[in-house]
Amino acid sequence: MQLRIDVDACQGHSRCALAYPEIFDVDDDAKAVVLVEHIPPEWQDKALTAIANCPERAISVDE
Ligand code: SF4
């Protein structure tokens, strides 16, 4: 699984990065970045929860 951030939608309030700092960070432009290129299977529940909890719907699975 790979994740994608819609930087136009992201508001940079760090909800994803605070919940899962091993997967997300927020850069100097206040946009989320994905730190892990390929999400390992044991982290997929975290990734799906982050997607569901992003209020801007800015995180998606990159097919
Ligand atoms: S929770 Fe969503 S909108 Fe907020 S920083 Fe993360 S990706 Fe961006």
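Just so it is clear, the values below take in all heavy atoms, side chains as well, and ignore hydrogens, waters and symmetry mates. Each ligand, and each atom within it, is numbered from 1 in the order the structure gives.
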For ligand 1, which atoms, with element, lie under 4.0 Å from some heavy atom of [X]?
{"X": "I59", "answer": "7 (S)"}
{"X": "G12", "answer": "5 (S), 8 (Fe)"}
{"X": "R15", "answer": "1 (S)"}
{"X": "E56", "answer": "3 (S)"}

key: Candidate with minimal heavy-atom separation from atom 6 (Fe) of ligand 1, of A58, C16, P55, S60   =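 Among A58, C16, P55, S60, the closest heavy atom to atom 6 (Fe) of ligand 1 comes from C16.
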Minimum non-hydrogen distance to atom 2 (Fe) of ligand 1, winning option of C54, C10, A17 =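 Residue with the shortest heavy-atom distance to the ligand atom: C54.
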Of all heavy-atom pairs between [X] and [Y], which one has the smallest distance, and what is that distance?
{"X": "Y20", "Y": "K46", "value": "CE1-O, 3.4 Å"}
{"X": "L3", "Y": "F24", "value": "CD1-CZ, 3.7 Å"}
{"X": "A30", "Y": "C10", "value": "O-SG, 4.3 Å"}

request  = Could you pull out the atom name of the N/O/S atom in H13 that is nearest atom 4 (Fe) of ligand 1?
outcome  =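 Relative to atom 4 (Fe) of ligand 1, the closest nitrogen, oxygen or sulfur of H13 carries the name ND1.
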ask   = Mind checking whether V26 and V33 have side chains closer than 4.5 Å, heavy atoms only?
value =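 Contact flag for V26/V33 side chains = no.
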key: Side chain to side chain, N53 and C16, heavy atoms closer than 4.5 Å   =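 Answer no - side chains too far apart.
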ask   = Counting only heavy atoms, which portion of S14 has something under 4.0 Å from ligand 1: side chain, backbone, both, or neither?
value =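 The backbone, only.
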message = For E37, I'd like to know if atom CD has over 12 heavy atoms of other residues, nucleotides or ligands within 6.0 Å.
response =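 Open.
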